[in-house]
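Report on the structure given below.
Reminder, nothing fancy here: chain letters follow the sequence lines and each chain counts from 1. These figures come from a predicted structure and were not determined experimentally.
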There are 2 protein chains.
Amino acid sequence: MSCETDTVKVLRTTGHKATPQRLMILGALRHGSGHLTAAEIFGEVQAEYPYVDISTVYRTLGVLKELRLVSETDMGTGDTTYEWVQQQERHHHLICRNCDEVTSLDHQYLEDLGAEIMAESGFKPDLDHFAIFGLCAKCRLEAEQN
Amino acid sequence: MSCETDTVKVLRTTGHKATPQRLMILGALRHGSGHLTAAEIFGEVQAEYPYVDISTVYRTLGVLKELRLVSETDMGTGDTTYEWVQQQERHHHLICRNCDEVTSLDHQYLEDLGAEIMAESGFKPDLDHFAIFGLCAKCRLEAEQN
DNA sequence: CATGTAGTTGCAACCAATTGCAATTATCAT
DNA sequence: ATGATAATTGCAATTGGTTGCAACTACATG
Ligand SMILES: [Mn+2]
Ligand SMILES: [Mn+2]
Ligand SMILES: [Zn+2]
Ligand SMILES: [Zn+2]
């Protein structure tokens with residue numbers, strides 16, 4: 001029926017309930033594109049069901065994050081952003097601290113780092129969605145000229 | 001005189017002022033050990049000079065962070081932590097999401113990642129002090145038994 | 001040393017996110 | 001289908017952190 005049946009299963013088998021509020025939040029995350037703030041998700045859910053509370057949104061994002069179905073990332077914009085984690089399209093971001101440009105970084109870089117850490121320490125890192133700050137090529141060259 | 005003369009120089013040459021409040025905050029960071037919360041720094045400064053405001057602490061941490069003299073890190077404890085960045089002792093942390101154990105990770109791992117990213121994209125990442133969440137060896141083995 | 005000015009401070013108001021709690025509800029086991 | 005139970009919700013209060021602003025001060029310059 002709904003296209004969230006898999007997620008509903010995951011919720012139930014981990015002792016959580018599939019409430020209507022959660023399904024709406026899930027829908028916003030899966031059909032809205034890319035990085036969403038809690039306020040954006042809240043707005044979308046509210047349009048359909050005006051009684052939701054923002055705390056329900058945050059708590060749901062909390063459980064989805066625990067289950068590693070969504071990533072929570074500080075992209076330096078002030079508000080934390082959330083993104084549905086798709087195993088096929090795992091990626092990260094490079095963010096310039098000078099011009100704020102955001103680009104994507106292939107997951108492979110972090111996959112390799114994760115494998116090394118795992119091999120040498122036994123610790124298995126969660127590498128769902130990183131924001132790496134720094135200086136983009138353009139800004140770095142400008143800075144080096146001084 | 002004071003042991004913060006280098007930092008004072010950095011502040012001045014970047015167009016900032018070396019105010020008494022800032023020097024006290026600096027002192028707390030350099031002489032206090034390891035990860036400090038804004039509240040801890042505030043408390044220490046307040047003991048010496050009761051009129052400081054917490055906003056001054058946050059703003060000072062902001063400029064020190066911009067200058068990359070301190071790192072700001074979410075270690076998952078609720079409050080953001082700040083640590084003086086010592087070039088010689090650069091390090092990162094692995095934090096278990098199950099048992100909360102915190103260990104150190106040698107900087108070399110991230111140095112290598114940074115070099116790769118830089119070589120292939122021209123982006124120069126700031127790799128001052130990362131917190132990498134995941135499952136420690138013990139918790140991972142326990143989880144795999146189920 | 002005096003002075004002009006940009007940078008900083010304390011305060012109060014504000015904002016994003018979290019938490020305690022009593023009422024409600026999804027789910028499981030009969 | 002019904003009832004017991006644990007999880008969840010909405011609400012209100014709270015916390016950690018930020019911001020606008022008028023008063024103040026560090027410091028560069030002459
Ligand atoms: Mn992304
Ligand atoms: Mn550290
Ligand atoms: Zn840039
Ligand atoms: Zn552990």
### Query
Given B:L61 and B:I41, is the side chain to side chain contact (heavy atoms under 4.5 Å, CB included) satisfied, shown in steps?
CA-CA 10 Å; B:L61 290 170; B:I41 296 167; 4.0 Å; yes
### Message
I want to check something: taking the side chain as every heavy atom from C-beta on, are A:T37 and A:T77 in contact at a cut-off of under 4.5 Å?
### Response
no
### Query
Hey, is the side chain of A:R22 poking within less than 4.0 Å of OP1 or OP2 on D:dT8, counting only N and O atoms?
yes
### Message
Quick check on D:dT25: is either OP1 or OP2 less than 4.0 Å from any side-chain nitrogen or oxygen of B:Q21?
### Response
no
### Query
In whole angstroms, how far is the P atom of D:dT25 from the CZ atom of B:R12?
17 Å
### Summary
From CG of A:L23 across to C1' of D:dA7 the rounded distance in Å is 15 Å
### Message
Near DNA chain C, counting only heavy atoms under 4.0 Å, which residues of residues 42-54 of chain B show up?
### Response
B:Y49, B:Y51, B:V52, B:D53
### Message
Working note: A:L23 + A:T7, criterion side chain to side chain contact (heavy atoms under 4.5 Å, CB included); need CA distance, chi angles, decisive distance, verdict.
### Response
CA-CA 9 Å; A:L23 296 182; A:T7 311; over 6 Å; no
### Task
Give A:G62 one of three labels, base, sugar-phosphate or nothing, depending on what nucleic acid heavy atoms sit under 4.0 Å from its own.
nothing
All N/O contacts under 3.5 Å from nucleotides 21-25 of chain C to the protein, with atom names and distances to one decimal?
residue, atom, partner, partner atom, Å
C:dT25, O2, A:K17, NZ, 2.7

### Task
Tell me yes or no: between the side chains of A:E66 and A:H16, is some donor less than 3.5 Å from an acceptor?
no
### Query
Okay, side chain of B:H107, backbone of B:H91: is any donor-acceptor separation there less than 3.5 Å?
no
### side chain to side chain contact (heavy atoms under 4.5 Å, CB included) between B:K17 and B:L11, worked out
CA-CA 6 Å; B:K17 292 180 178 175; B:L11 281 170; over 6 Å; no
### Length of the CE-C1' vector between B:M24 and D:dA26, whole Å
15 Å
### Task
Decide yes or no for B:R59 and B:Q21: does some side-chain heavy atom of the first lie under 4.5 Å from some side-chain heavy atom of the second?
no
### Query
Rounding to a whole Å, what distance do you find between A:K9:NZ and C:dC28:P?
13 Å
### Query
Atom CG of B:L61 to atom P of C:dT8: distance rounded to whole Å?
14 Å
### Query
Yes or no on side chain to side chain contact (heavy atoms under 4.5 Å, CB included) for A:W84 and A:L36, after CA distance, side-chain angles and deciding distance?
CA-CA 9 Å; A:W84 190 257; A:L36 294 173; over 6 Å; no
### Query
Whole-Å distance between C:dG7 C1' and B:L64 CG?
15 Å
### Task
Report yes if at least one side-chain N or O of A:Y58 is closer than 4.0 Å to OP1 or OP2 of C:dT18; otherwise report no.
no
### Query
Between CG of B:D106 and CG of B:D112, what distance do you get to the nearest 0.5 Å?
9.5 Å
### Message
Nearest whole Å is fine: how far is D:dC27 P from B:H16 NE2?
### Response
12 Å
### Task
Take the C1' atoms of the five end pairs on each side of the helix from C:dC1-D:dG30 to C:dT30-D:dA1, derive the two axes, and give their angle rounded to 10 degrees.
50°
### Query
Should the pair B:H129 and B:H35 be assigned to parallel (<30°), tilted (30 to 60°) or perpendicular (>60°) ring geometry?
tilted
### Query
Of all heavy-atom pairs between B:T56 and B:I25, which one has the smallest distance, and what is that distance?
O-CD1, 4.1 Å
### Query
With sugar-phosphate meaning primed atoms plus P, OP1 and OP2, does B:A39 contact a base, only sugar-phosphate, or nothing at under 4.0 Å between heavy atoms?
nothing
### Task
Kindly give the cluster partners of B:L135, where membership spreads through any ILVMFWY side chain lying under 4.5 Å from a current member.
none
### Query
Could you state the interatomic distance from CD1 (A:I117) to CG (A:L127), rounded to the nearest 0.5 Å?
7.0 Å
### Message
Near DNA chain C, counting only heavy atoms under 4.0 Å, which residues of residues 70-85 of chain A show up?
### Response
A:D79, A:T80
### Query
If you look only at pairs with a residue in residues 36-53 of chain B, which of them pass as a salt bridge (Lys or Arg N to Asp or Glu O under 4.0 Å), with sequence neighbours excluded?
none
### Query
Quick one: is A:S55 getting a side-chain N or O under 4.0 Å of the C:dT18 phosphate, OP1 or OP2?
no
